[in-house]
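What follows is a single structure, written as C-alpha cells, with notes after it.
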Amino acid sequence: MMSALRAPGYVARVRLFAKKRRDVSVARRKQARELRNWRLSAQRVTRTWNAWIAAEHNERPMRYHAYVMALAEEELAAAAVERMVRLGKVEQLRRA
C-alpha cells in the first residue's frame, strides 16, 4: 500500500544507488586485500633474508632458495597493486 504513494521510478533509483555503493565496497575490500598481500609478502622477504643471513653454511642454499621464492611472490603482489592503481586512475579519468 505504501508503494502506491511513491513515484514509479523511486524503487529503481534506490536499487541503483545501493548497487553502486555495494560495488564500491567490494572494490575497496579488493584493494585492501591486494595491499595486505603485498605487505605480507614484503614481510616474508625480510624474514627469509634474515634467515638466509643467519643460516649455517650447510643451510644457506636452502635458505637462499626460500629468499628467491619470497622475492618472486613479492614481485607478483607488487604487480597486482600496480595494476589496481592503474585501473583506478583509468576509472578516475573516465569519471572526469
Side-chain angles (χ1 to χ4, degrees):
M1 191 172 251
M2 191 72 139
S3 64
L5 299 176
R6 293 183 178 153
Y10 177 77
V11 174
R13 283 193 299 267
V14 170
R15 286 185 182 156
L16 285 174
F17 180 72
K19 182 177 180 348
K20 182 178 179 182
R21 192 171 57 220
R22 185 174 42 238
D23 290 345
V24 168
S25 66
V26 167
R28 285 187 180 160
R29 281 196 305 267
K30 183 178 180 191
Q31 289 173 352
R33 185 175 53 243
E34 295 292 349
L35 289 170
R36 185 175 55 247
N37 287 342
W38 186 27
R39 186 181 71 245
L40 291 174
S41 65
Q43 290 171 350
R44 209 171 347 214
V45 167
T46 302
R47 284 193 307 271
T48 57
W49 167 265
N50 290 334
W52 177 43
I53 295 301
E56 296 290 328
H57 181 69
N58 59 345
E59 291 182 347
R60 287 186 71 92
M62 180 183 64
R63 299 292 184 176
Y64 177 75
H65 180 71
Y67 170 65
V68 170
M69 296 303 291
L71 276 176
E73 290 175 11
E74 193 271 338
E75 286 292 326
L76 289 174
V81 169
E82 183 179 10
R83 278 191 304 274
M84 178 185 67
V85 169
R86 285 184 181 178
L87 287 175
K89 287 182 180 178
V90 168
E91 288 298 319
Q92 288 176 352
L93 290 174
R94 285 182 185 164
R95 289 184 206 146

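Just so it is clear, the model here is predicted, and its values are computed rather than measured.
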Legend entry - Separation of Arg86 CZ from Glu82 CD (nearest 0.5 Å): 4.0 Å
Inset, instruction - Nearest 0.5 Å please: distance from the CZ atom of Arg44 over to the CG atom of Asn37. - result: 8.5 Å
Legend entry - From Met62 atom CE to His65 atom NE2, the distance as rounded to the nearest 0.5 Å: 10.5 Å
Inset, instruction - State, to 0.1 Å, how close Arg63 and Ala55 come at their nearest heavy-atom pair, and which atoms those are. - result: CG-CB, 3.6 Å
Legend entry - Set of residues satisfying side chain to side chain donor-acceptor pair (under 3.5 Å) with respect to Glu74, sequence neighbours excluded: Trp38
Legend entry - Spacing of Leu40 atom CG and Arg36 atom CZ [to the nearest 0.5 Å]: 7.5 Å
Inset, instruction - Would you mind listing the cluster partners of Ile53? Hydrophobic ones only (ILVMFWY), side-chain contacts under 4.5 Å, chaining allowed. - result: Val45, Trp49, Trp52, Tyr64, Tyr67, Val68, Leu71
Legend entry - Lys30 vs Arg33, side-chain contact (heavy atoms from CB on, under 4.5 Å): CA-CA, chis, key distance, verdict: CA-CA 5 Å; Lys30 183 178 180 191; Arg33 185 175 53 243; 3.5 Å; yes
Inset, instruction - Could you tell me the separation between the CE atom of Met69 and the OG1 atom of Thr48, rounded to the nearest 0.5 Å? - result: 11.0 Å
